[in-house]
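Owing to the predicted nature of the structure, the values given are computational and were not obtained by experimental measurement.
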Amino acid sequence: IGPAKMEFWTRAGTYKGHEKSSSEWRLLFNSTVQGNGLDVPTSIPAGSFSPILVNTDEKRAFYVACPKGACQGYILGTEEGSVVESNSDMIIYEGIGRRLGFDGAIYSPRIWSGSLYYSLAPTPEPTSNPTPVPTPNPTGQPTPLPTLAPTANPTTVDGMLNKFQTSFDSSTTSAGNMFDITTKDNDIEIREIGINTYKRSDVNIQIWTKEGSYQSYDKDLAAWTKVADLTVKGQGLDEPTMIQAGSFEPIAIRRNSRQAFYITSDGPNIRYSNGSSEGKEFGSNSDLVLYEGVGKRVPITAATMSPRVWNGVFKYEIIFMPTQVPTPVPTPAPTKTPTTTPSLRPTNRPTNSPTSRPTNPPTDHPSNREFKQPSAYFNYDPSSKYGPDNWGEVKSDRFWNRYERLITSLDNKCESGNRQSP
């Protein structure tokens, strides 16, 4: 009971793997509080430190310490990382205890004895599809308890931009990253870019880009186009440091395209994560896919470390990009009246001189062979009294009925097979 010096640290992501490095944590509170004794809550009042925004589905680590000696109690745990408590908004896990500072001994598992007071933050951006009409029945009374502090991230001029963010759970440091993204079915224009730096001071940043992949160009600066060369104020380890809209020319990328990025500093100022396989898909949303890339030292011809995952943010707008060039040779005129069905068997060559008008349609049935009654019948039978000089008298020949009527064919033969003269 009495005054006690307290420190309150936090970092995005887990504490595991970062227990001994104070440079990977952000100090929120370092002051004296009035202790209330064993097993009685001792509060760090609101307003004593900046509010901590924890995004949906985000993991965040905390380190509460007494730099002057053992002044806080905790509970022995059962398994580090198992769930201790939860409600509809958050889950608290078993962690570790430790002696003074980041170099002190570690005891595991341990359960923190404490309370967190929080309010639900509004969405960082407005609803993409608002309701067409206002709420028909608003609440009868205003909110009884307003929030203690203003909105941590108020809506800005870029509030309507789409957002893609990778993890901010870094594991190593170098000068920068190279990586690829591919777009899906929309043209996009990148307006803002966020990076991960451990620094809380000015950082010099360059952004380069190129169509296609960075692979085979990780040491060839001439293949890249520089879009930004500026200084930004670092926001500290595993916190997005944004390069705001207007700081660089927007980067337009066509749908179903691959675009490479090279984001670098003038020294080992950029934090990123170790990857599992260079070129492997790391994350995606409805508009783009980000792939594992490499880490880079400076200058660009220096070492390349692979695989590495860029820790960052893209804020972008969906746009429409017209085709790059028109049709090369359009037809001189449109088709006059196309046929409803294609020709079954086209001719080998076109008609030289077509008729002035089409042939009349054929009859439904083939024509019958017309037969004309003959005026005379001819006979070479040897018994006939008539010879070749009496052809005109053959009609009165009493023998003609003994023979079938003669039906000639092209070879001038009778049905009986004997030749017949006309």
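In this structure, Asp180 pairs ionically with Arg258, as a charged nitrogen and a carboxylate oxygen lie closer than 4.0 Å. Electrostatic pairing of Glu189 and Arg191 counts as a salt bridge here, judged by a charged N lying under 4.0 Å from a carboxylate O. Between Asp187 and Arg255, at least one side-chain nitrogen of the basic residue sits less than 4.0 Å from a carboxylate oxygen of the acidic one, meeting the salt-bridge criterion.
No more than 12 heavy atoms of other residues, nucleotides or ligands sit less than 6.0 Å from atom OH of Tyr217. Within a 6.0 Å radius of CG in Asp202, other residues, nucleotides and ligands contribute more than 12 heavy atoms. Within a 6.0 Å sphere centred on CG of Asn87, heavy atoms belonging to other residues, nucleotides or ligands number more than 12.
Looking at heavy atoms from C-beta onward, Glu211 lies in side-chain contact with Gln259 at the 4.5 angstrom threshold. Side-chain atoms of Trp208 and Phe261, non-hydrogen and from C-beta on, never get closer than 4.5 Å to each other. A heavy-atom distance below 4.5 Å is found between the side chains of Thr172 and Arg308. Contact check for Val54 versus Met90: no side-chain heavy atoms found under the 4.5 Å cut-off.
Across Arg271, Lys233, Arg60, a single residue satisfies salt bridge (charged side-chain N to carboxylate O under 4.0 Å, His left out) together with Glu239, and that is Arg60. Exactly one residue among Ile205, Asn204, Val203 makes a side-chain contact (heavy atoms from CB on, under 4.5 Å) with Asp266. That residue is Asn204.
Panel note: side chain Ser213, backbone Gln215; a donor-acceptor pair is recorded below 3.5 Å. With hydrogens and angles disregarded, a donor-acceptor distance shorter than 3.5 Å links the side chain of Asp238 to the backbone of Ser170. The main-chain N or O of Ala12 is never found under 3.5 Å from a side-chain atom of Glu58 such that the two would form a donor-acceptor pair. No donor-acceptor distance shorter than 3.5 angstrom exists from the side chain of Ser201 to the backbone of Lys199, with no hydrogens or angles considered. Remark: side-chain polar atoms of Glu24 are not paired, donor with acceptor, to backbone N or O of Ser22 under 3.5 angstrom.
Between Phe8 and Phe49, the distance from one ring center to the other falls under 6.0 angstrom. Between Tyr63 and Trp112, the gap from one ring centroid to the other reaches at least 6.0 Å.
How far CH2 of Trp224 is from CG of Asp218: 8.5 Å, rounded to the nearest 0.5 Å. Separation of atoms CG (Leu237) and CG (Asn196) is listed at 6.0 Å; rounding is to 0.5 Å. We find the CD-CG distance between Gln206 and Leu230 to be 9.0 Å, quoted to the nearest 0.5 Å. Between Trp310 atom CH2 and Asn177 atom CG the span is 8.5 Å, to the nearest 0.5 Å.
Stacking of Lys59 on the aromatic ring of Tyr93 is recorded, both the 6.0 Å distance cut-off and the 45° axial limit being met.
A side-chain donor from one of Asp89 and Tyr118 sits under 3.5 Å from a side-chain acceptor of the other. Side-chain atoms of Ser273 and Asn311 form a donor-acceptor pair, as typed in the model, at a separation below 3.5 Å.
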